[in-house]
There are 2 protein chains.
Amino acid sequence: MPPRTSSPMPSSKPTPVTMDAVYTAPGYLFRRMQQIAVALFIEECKAFDLTPVQYAALVTISTHPGIDATRLSAVIAFDRSTLGNVIERLQAKEYIVRKPAPEDKRVKLLYLTKAGASVLNDIMPSVDKAQARMMQPLKPADRKTLLSLLTQLVDLNNEASRVPLRAEDALEHLGRSG
Amino acid sequence: MPPRTSSPMPSSKPTPVTMDAVYTAPGYLFRRMQQIAVALFIEECKAFDLTPVQYAALVTISTHPGIDATRLSAVIAFDRSTLGNVIERLQAKEYIVRKPAPEDKRVKLLYLTKAGASVLNDIMPSVDKAQARMMQPLKPADRKTLLSLLTQLVDLNNEASRVPLRAEDALEHLGRSG
DNA sequence: AATTGATTGACAGTATACTTACAATATGGC
DNA sequence: GCCATATTGTAAGTATACTGTCAATCAATT
């Protein structure tokens, strides 16, 4: 972060504030891009009535049938409480079912229904289109650079988020790789 | 987006899904980074009880005293409805006041209070620290590259979001630049 | 076996972020 | 001056995204 003024002298006066304090902040730019990403996803996928979060949950349940809610939250770095509502909605749409785990009465295991597998299969091209659209304005080389830096940054900052990604830990017992 | 399988033959079978459908999607990475950015902001600024959105609103009201809610939403690309709640909270904390506009009975103009100006001045170093922390894991050259690409991408995708940034339009009548 | 501590799913509460709708008010064309 | 249209703030409804807390359950230690 560059200093907010070019004044070389310490001063007791309030620092003059400009909109740069917002517009050039990485946090603001990430918020904008997330906003844009969600808007494009919803637009491309409106025929399917699935949100980005619901899509990520469906993908994960598809690749890890029988996963429980807590592990699912760790695998996609969602908040556990938030995920409860997401699961309810997917269940209401009959895209997933919950079965009690026989060996642990606390746990409910998650499985795709036929309708869930079908919608997941059908929505894929639209998801890809949305993902492509948000990167489209950049030159291909710049897209690669951005994606690479973003992947690094998310990985290196993993512990900073309240809900760190714990893919490996969470999936140990399932004997599957994501 | 690369094809999801290497199968050269068309097939009626469902496409096999892997977690790459989530982890390598730019939209997922933007969501993660936003999550991380908010977490770092809250952590660094917890002494001030301000959220990132409330901070951005305060900065804008500070640089554009007498702005109204609709214009404010355009300047920081917030949803107008969402902003209503944000303004209420800032008002409850007595960081801003709303005064009816004399020439238009619909409009309420926004101004910082002394307490608002004070908290904005005081929180700045913590905000800068949070912004620096989220980029810290990258090498300085990579930080610059990422920030540049991100700025370009947000700008070029502006119209894609439901609430495009309209800084200039919104501020024409105020005779100020942000 | 009984207690301690951790885990799981659920719930309440706050804060974004969007949708649609609506009443009050302004504005422009006529 | 009047009327269709647009704007402003507000509200209700949905969906994330987090904070807590809690009861039920399980596991680990004594």
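The figures here come from the full heavy-atom set of this structure, side chains too, leaving out hydrogens, waters and symmetry mates. Model, not experiment: these values are computed from the prediction.
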key: A:Arg98 CZ - C:dT8 P separation (whole Å)   = 14 Å

ask   = For A:Ile42 and C:dT19, what is the distance between atoms CD1 and P respectively, to the nearest whole Å?
value = 10 Å

task = Report yes if a donor N or O on one partner sits less than 3.5 Å from an acceptor N or O on the other, where the partners are the side chain of B:Thr82 and the base of C:dA15; otherwise report no.
result = no

query = Roughly, in whole Å, what's the span from CZ in B:Phe41 to C1' in D:dA17?
reply = 16 Å

query = Distance check: side-chain N/O of A:Lys108 vs OP1/OP2 of C:dA10, anything under 4.0 Å?
reply = yes

inquiry  = Tell me whether the side-chain N or O atoms of B:Arg106 pair up with the base of C:dT25 as donor and acceptor below 3.5 Å, since no angle test is needed here.
reply    = yes

query = Are A:Phe30 and B:Phe30 close enough that their ring centers fall under 6.0 Å?
reply = no

request  = Scan B:Asp104 against the nucleic acid and name what it touches under 4.0 Å (heavy atoms): base, sugar-phosphate only, or nothing.
outcome  = sugar-phosphate

message = So, OP1 or OP2 of D:dT8: does either fall under 4.0 Å of a side-chain N or O from B:Arg71?
response = yes

Position toward the 5' end of DNA chain D (nearest nucleotide), B:Ile36 or A:Asp49 = A:Asp49

query = Atom CD1 of B:Ile87 to atom P of C:dT16: distance rounded to whole Å?
reply = 11 Å

message = Looking at the base of D:dT16, is there any donor atom on it, or on the side chain of A:Thr51, that sits under 3.5 Å from an acceptor on the other one?
response = no

ask   = A:Lys105 or A:Gln54: which one's nearest nucleotide on DNA chain D is closer to the 5' end?
value = A:Gln54

message = Between P on D:dA15 and CZ on A:Phe78, what's the gap in Å once rounded to a whole number?
response = 15 Å

ask   = Atom CG of A:Asn85 and atom P of C:dA10: how far apart are they, to the nearest Å?
value = 10 Å

key: side chain to side chain contact (heavy atoms under 4.5 Å, CB included) between A:Ile76 and A:Leu72, intermediate numbers included   = CA-CA 6 Å; A:Ile76 48 186; A:Leu72 176 56; 3.8 Å; yes

message = Distance check needed: D:dT14 C1' versus A:Leu50 CG, whole Å only.
response = 15 Å

ask   = According to a strict under-4.0 Å criterion, is B:Gln35 in side-chain N/O contact with OP1 or OP2 of D:dC18?
value = yes

ask   = Taking CD from B:Glu43 and P from D:dA17, how many angstroms apart are they, rounded to a whole number?
value = 20 Å

inquiry  = For a quick test of reading the model: is some side-chain N or O of B:Arg31 closer than 4.0 Å to OP1 or OP2 of D:dA17?
reply    = yes

task = Measure the shortest side-chain to side-chain distance between A:Ile67 and A:Leu109 over non-hydrogen atoms and say whether it is less than 4.5 angstrom.
result = no

query = With a 3.5 Å cut-off and just heavy-atom distances, do the side chain of B:Ser81 and the base of D:dG9 make a donor-acceptor pair?
reply = no

inquiry  = Could you walk me through whether A:Ser62 and B:Val17 satisfy the side chain to side chain contact (heavy atoms under 4.5 Å, CB included) test, starting with their C-alpha distance in whole Å, then the side-chain angles of each, then the deciding distance to 0.1 Å, before giving a yes or no?
reply    = CA-CA 7 Å; A:Ser62 170; B:Val17 180; 4.3 Å; yes

Whichever of B:Arg89 and B:Asp79 has its nearest DNA chain C nucleotide further upstream toward 5' = B:Arg89

query = Quick one: is B:Arg80 getting a side-chain N or O under 4.0 Å of the D:dG9 phosphate, OP1 or OP2?
reply = no

ask   = Have B:Arg32 and A:Asn158 got a donor and an acceptor in their side chains that come within less than 3.5 Å?
value = yes

query = Can you find a side chain N or O atom of A:Gln34 that sits less than 4.0 Å from OP1 or OP2 on C:dA17?
reply = no

inquiry  = Please determine whether salt bridge (charged side-chain N to carboxylate O under 4.0 Å, His left out) holds for the pair A:Glu43 and A:Lys129, giving the CA-CA distance in whole Å, both sets of side-chain angles, and the decisive distance to 0.1 Å.
reply    = CA-CA 10 Å; A:Glu43 188 182 321; A:Lys129 218 178 287 178; over 6 Å; no

